[in-house]
**Q** 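After the structure tokens below, expect a handful of questions from me.
Keep in mind the model is a prediction, meaning the values are calculated, not measured. Hydrogens, waters and symmetry mates are skipped; everything else that's a heavy atom, side chains included, is used.
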Amino acid sequence: MRAPWETVEQTMIDGEVDVVVIADFAHLPPDRSPRIELASSPDGDADEDRMVPDTQLD
């Protein structure tokens, strides 16, 4: 879907989409809420402890 952020955000709120892929970090609105998302394979173990590298962007 190609649409303004407000439209994409509303489709997420409405439960119409579960995943949004952004082509460029600059396309995200500056006032968005920070969050952490996890994408894993269907056979992944969600309860397993995993090391996560520091991926904070400056």
**Q** Who are the side chain to side chain contact (heavy atoms under 4.5 Å, CB included) partners of Asp24, not counting sequence neighbours?
**A** Ala26, His27
**Q** Hey, is CG on Asp18 packed in by over 12 heavy atoms from elsewhere, all under 6.0 Å?
**A**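 Atom CG in Asp18 is not packed in, count stays at 12 or less.
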**Q** Holding to side chain to side chain contact (heavy atoms under 4.5 Å, CB included), I want the full list of residues that pass it with Val20, two or more places apart in sequence or in another chain.
**A**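 Partners of Val20 by the side chain to side chain contact (heavy atoms under 4.5 Å, CB included) criterion, ordered by chain and then number, come out as Val8, Met12, Val17, Ile22.
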**Q** Quick one: list whatever passes side chain to side chain donor-acceptor pair (under 3.5 Å) with Asp14, sequence neighbours left out.
**A** Gln10
**Q** Quick one: side chain to side chain contact (heavy atoms under 4.5 Å, CB included) partners of Pro30, sequence neighbours excluded?
**A** none
**Q** Return the CZ to OG1 distance between Arg2 and Thr7, rounded to the nearest 0.5 Å.
**A** 14.5 Å
**Q** Do Phe25 and Trp5 land in one hydrophobic cluster if side-chain heavy atoms of ILVMFWY residues count as linked below 4.5 Å?
**A** yes
